[in-house]
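Shown next, in structure tokens, is the structure this report addresses.
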Amino acid sequence: MVAIAPPTDVYASDTPDDGGGVVTIQWQLSPDDAYLDGYEIYRSEDNVDYERVGFIGKGRTMYEDETEDGTNYFYKIAALIDTMKVYSETSKPVMSSAQWIDRNKINIIIAIIIFGAFILYFTYHARKGKELYIRKIAGLQAIDDAIGRATEMGKPILYCPGIGYMEDIATIASLSILGEVAKKCAQYDTKLINPHVEPIVYTVAREIVKEAYTQAGRPDAFDPDSVYFITDLQFAYAAAVDGIMVRERPATNFLIGWFRAESLILAETGASTGAIQIAGTDQVSQLPFFVTACDYTLIGEELYAASAYISKEPILLGAIKGEDSGKLVIVGILIAASIIGLLTTLPILNLFR
Amino acid sequence: MNISLDPWIWISALLTVSIFSFLYRDNPFYRFAEHIFVGVANGWAVTFYWHNILVPSLFDPLFRRGQLLLIIPFIIGILYLTRFIPRVSWLVRIPIGITMGYYVGASIPADVQAYIIKQTQGTILTSQNFQAWNAGNMGVVWSIILFVGVICTLSYFYFSKEHKGVLGITSRIGIIFVMIGFGAAFGYTVMARISLLIGRLQFLLGDWLGVIH
């Protein structure tokens, strides 16, 4: 039988900057660490009956244990070789709790405040009547022509918002553009087809289109069946939209939103029907397919700028100008931080954890 | 050749061939498969949401375990159904507002961290980032290319000025970087799609027709 030394200085503390429910246990390695299988972590609420809550390999000095907030726990660590265990001293009692602020994310709060301040500033000036300039975006200038073409041909417009959820920024941007497209459809009395894959996005889109028809002064022209849910399965949706494209023969296809693998299937089918196609997404892996198969493609942030560009709404214009100012700040930070990083030994990267 | 006698393999294979027939043109076989696909998908979705979300996350905790706080999301969810009753259909805007507000609030901090803070950290020119490329002395070169690419690409997405003069040059370089990135993504994704096609052909030629093993 070989005697082994236990780990020492066992220290348990509430894990900082979290939502509670976790205790961090730290210890000094056993002097015999090299010969060990590892360490077993034991926990007790009364410092009498201990239960094993985890195992961690040798050479490790930290373990995070899931706990119940508001309960005191004692910990001890056992050094383990085969069936032989040697226990450490018991830790002081510890209780997990949730923190109000995650200090690791203060840089995110600062970034949001800076961006938010820019947006508020420009929105304020836009509302005061100051003209805010936004450069021409090719894909957006084509929207009017595309809707006009559909009207002249007496064919419908297909607006496909992708397969994203409401939390996807591309989906939110797409719904803003949908509102503007629906307004023009109402003005020109052009049929709109708007199939959906996500029930909540569908519900929101339906309200947006209905509102757009009302704003255009044509609430009577709104067809409730023009906005509809198909299925929430990606490729079943793609198969159905392909069917719509070849049977309804829309003159214009809008493929704008959050897309995945169905992007090429839809874009290729749309191209084969001879429709004008305007696409847009922020999904880098899907953009190449849209660029190759569609007439116009809104790349990344062009999609976000689109609704502001079309509507000229002060709030949206202010947001775009605010984002532009944010980009200038980012470029400034990149240059300044690089100069500091190259000329000094300051841990500049730690500011961007 | 060893054709399968399993009826499920036959059903699966015929549906696959029906969907592939769309490559020729729209036809009754494709329409049949399309409608089966959509119908089955919806049936599956209803049972999935019932058994995996509604029952374990709402009905059981609320009605069996008495977690009364869940009555709030329950009512918010029910409000989505008011759009079927014309007189109170305006109530649907309440859950829409809550859902959009929640999702935007939840996604903005995550996106700021992932797409701004972390990307900025990876782009800054420091000796630490030079080593991150694991390319020896070439790490410096790659870091500089990345740095120039990021700044030029940002300038392309700057909407407040016409792309003329210096901004015209940087934005032009930026869109070249973007297109090179798209080219790489295109090749990578096509490769993945080809592997999906190979998987389907293996099923048809192997599991169904038994031509390959």
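First the proteins, then the strands, lettered A, B, ... as listed; each starts at 1.
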Report summary line: Value for CD1 (A/I299) from OG1 (B/T153), rounded to nearest 0.5 Å, stands at 10.5 Å
Report task. Answer yes if the side chains of B/Y103 and A/D168 hold a donor-acceptor pair under 3.5 Å, and no otherwise. Result -> no
Query raised in the report: What distance do A/D232 atom CG and B/F48 atom CZ have between them, rounded to the nearest 0.5 Å?
Result: 9.0 Å
Query raised in the report: More than 12 non-hydrogen atoms from neighbouring residues, nucleotides or ligands closer than 6.0 Å to OH on A/Y165, yes or no?
Result: no
Requested in this report: With the side chain counted from C-beta on, respond yes when A/S338 and B/F147 share a heavy-atom pair under 4.5 Å apart, and no when they do not.
Outcome: yes
Query raised in the report: Crowded around A/I101 CD1? As in, over 12 foreign heavy atoms under 6.0 Å?
Result: no
Query raised in the report: What pair of heavy atoms forms the shortest contact from B/F186 to A/P288, and how long is it?
Result: CD1-CB, 3.6 Å
**Report entry** Greater than 12 external heavy atoms within 6.0 Å of B/N134's CG
**Finding:** no
Query raised in the report: So which part of B/Y30 gets closer than 4.5 Å to some heavy atom of chain A, the side chain, the backbone, both or neither?
Result: side chain
Query - Nearest-0.5 Å distance, CD1 of residue A/I112 to CD1 of residue B/I108 - result: 6.5 Å
Requested in this report: Please state whether the side chain, the backbone, both or neither of A/A261 comes within less than 4.5 Å of a heavy atom of chain B.
Outcome: both
Report task. Pick whichever of B/Y188, B/F37, B/W44 has the most heavy-atom pairs under 4.5 Å with chain A. Result -> B/F37
Requested in this report: Heavy-atom distances under 4.5 Å only: say whether A/V246 touches chain B with side chain, backbone, both or neither.
Outcome: side chain
**Report entry** Side chain / backbone / both / neither for A/F115 at chain B, heavy atoms under 4.5 Å
**Finding:** side chain
Report task. Taking atom CZ of B/R87 as the centre, report whether more than 12 heavy atoms of other residues, nucleotides or ligands fall under 6.0 Å from it. Result -> no
Query raised in the report: Would a distance-only check, ignoring hydrogens and angles, find a side-chain to backbone donor-acceptor pair under 3.5 Å from B/D26 to A/G243?
Result: no
Query raised in the report: Just wondering, more than 12 heavy atoms not from B/Q128 lying within 6.0 Å of its CD?
Result: no
Query raised in the report: Between A/I109, A/L287, A/I348, A/V291, which shows the greatest number of heavy-atom pairs under 4.5 Å with chain B?
Result: A/L287
Query - Portion of A/I330 that has a non-hydrogen atom of chain B nearer than 4.5 angstrom - result: side chain
Requested in this report: Can you establish whether the number of heavy atoms outside B/F29 located under 6.0 Å from its atom CZ is more than 12?
Outcome: no
Report summary line: Among B/M100, B/Q113, B/R25, B/R83, the residue with the most heavy-atom pairs under 4.5 Å to chain A is B/R83
Query raised in the report: Counting heavy-atom pairs under 4.5 Å to chain B, which of A/L351, A/L343, A/L342, A/I339 comes out on top?
Result: A/L342
Query raised in the report: At a heavy-atom separation under 4.5 Å, does B/V40 approach chain A through its side chain, its backbone, both, or neither?
Result: neither
Query raised in the report: Quick one: does NZ or CZ of A/R247 land under 6.0 Å from the six-membered ring centre of B/F22, within 45 degrees of the ring axis?
Result: no
Requested in this report: Taking the side chain as every heavy atom from C-beta outward, state whether A/R135 and B/K161 have any atom pair closer than 4.5 Å.
Outcome: no
Query raised in the report: Contact part of B/R193 toward chain A, heavy-atom cut-off under 4.5 Å: side chain, backbone, both or neither?
Result: side chain
Requested in this report: Under 4.5 Å heavy-atom distance to chain B, tell me which part of A/S272 shows up: side chain, backbone, both or neither.
Outcome: neither
Query - A/L328 versus chain B, the contacting section by heavy-atom distance below 4.5 Å - result: side chain
Requested in this report: Name the region of A/A240, side chain, backbone, both or neither, that has any atom closer than 4.5 Å to a heavy atom of chain B.
Outcome: both
Report task. Under 4.5 Å heavy-atom distance to chain B, tell me which part of A/Y237 shows up: side chain, backbone, both or neither. Result -> neither
Query raised in the report: What part of B/S160 lies closer than 4.5 angstrom to a heavy atom of chain A: side chain, backbone, both or neither?
Result: both
Query raised in the report: If you count heavy-atom pairs under 4.5 Å with chain A, which of B/P109, B/S155, B/G183, B/A45 comes out on top?
Result: B/P109
Query raised in the report: Measuring heavy-atom distances to chain B, does A/I137 have an atom under 4.5 Å in its side chain, in its backbone, in both, or in neither?
Result: side chain
Requested in this report: Considering only heavy atoms and a distance below 4.5 Å, find which of A/N350, A/I230, A/I320 pairs most often with chain B.
Outcome: A/I230
**Report entry** Under 4.5 Å from any heavy atom of chain B - which part of A/L132
**Finding:** neither
Query - Under 4.5 Å from a heavy atom of chain B, the part of A/A111 involved - result: side chain
Requested in this report: Look at B/L125, B/T126, B/V92, B/L196 and state which one has the largest set of heavy-atom pairs under 4.5 Å with chain A.
Outcome: B/L125
Query - Heavy-atom check, side chain of B/R93 versus side chain of A/E211, under 4.5 Å - result: yes
Report task. Let me know if A/T292 has heavy atoms under 4.5 Å from chain B in its side chain, its backbone, both or neither. Result -> side chain
Requested in this report: Indicate yes or no: at least one non-hydrogen side-chain atom of A/M166 is less than 4.5 angstrom from one of B/Y102.
Outcome: no
**Report entry** Main-chain N/O of B/F157 paired with A/K327 side-chain donor or acceptor, under 3.5 Å
**Finding:** yes
Report task. Measure distances from B/Y49 to the heavy atoms of chain A and classify the residue's part below 4.5 Å as side chain, backbone, both or neither. Result -> side chain
Query raised in the report: Does any heavy atom of chain B fall under 4.5 Å from the side chain of A/I335, the backbone, both, or neither of them?
Result: both
**Report entry** Segment of B/I116 engaging chain A (4.5 angstrom heavy-atom cut-off)
**Finding:** side chain
Query raised in the report: Looking at B/A106, B/A41, B/G39, B/A185, which one has more heavy-atom pairs under 4.5 Å with chain A than the rest?
Result: B/A41
Report task. Indicate the atoms forming the closest heavy-atom contact of B/N42 with A/T231, along with that distance. Result -> OD1-CA, 3.3 Å
Query raised in the report: How long is the span from the CZ atom in B/F159 to the CD1 atom in A/I134, to the nearest 0.5 Å?
Result: 8.0 Å
Report summary line: So, the part of B/L81 with a heavy atom under 4.5 Å from chain A: the answer is neither
Query raised in the report: Taking every heavy-atom pair that is under 4.5 Å apart, which of A/T345, A/L233, A/D324, A/L349 has the most such pairs with chain B?
Result: A/D324
Query raised in the report: For residues B/Y158 and A/E301, is any side-chain donor paired with an opposing acceptor at under 3.5 Å?
Result: no
Query raised in the report: Heavy-atom distance under 4.5 Å to chain A: side chain of B/V38, backbone, both or neither?
Result: both
Requested in this report: Quick one: pull up CG in A/N107 and CD in B/Q121 and give me the separation to the nearest 0.5 Å.
Outcome: 9.5 Å
Report task. Using a cut-off of 6.0 Å, state whether more than 12 heavy atoms not belonging to A/R249 lie near its atom CZ. Result -> yes
Query raised in the report: Counting only heavy atoms not in B/Y24, do more than 12 sit closer than 6.0 Å to its OH atom?
Result: no
Report summary line: In this structure, OG1 of B/T123 is separated from CD1 of A/I333 (nearest 0.5 Å) by 12.0 Å
Query raised in the report: At a heavy-atom separation under 4.5 Å, does A/I172 approach chain B through its side chain, its backbone, both, or neither?
Result: side chain
Query - Side-chain touch B/V190/A/L264, heavy atoms, less than 4.5 angstrom - result: no
Query raised in the report: Below 4.5 Å, heavy atoms only, C-beta onward: do A/F352 and B/K118 meet side chain to side chain?
Result: no
Query raised in the report: Is there a side-chain contact between A/F235 and B/I19, using heavy atoms and a 4.5 Å cut-off?
Result: no
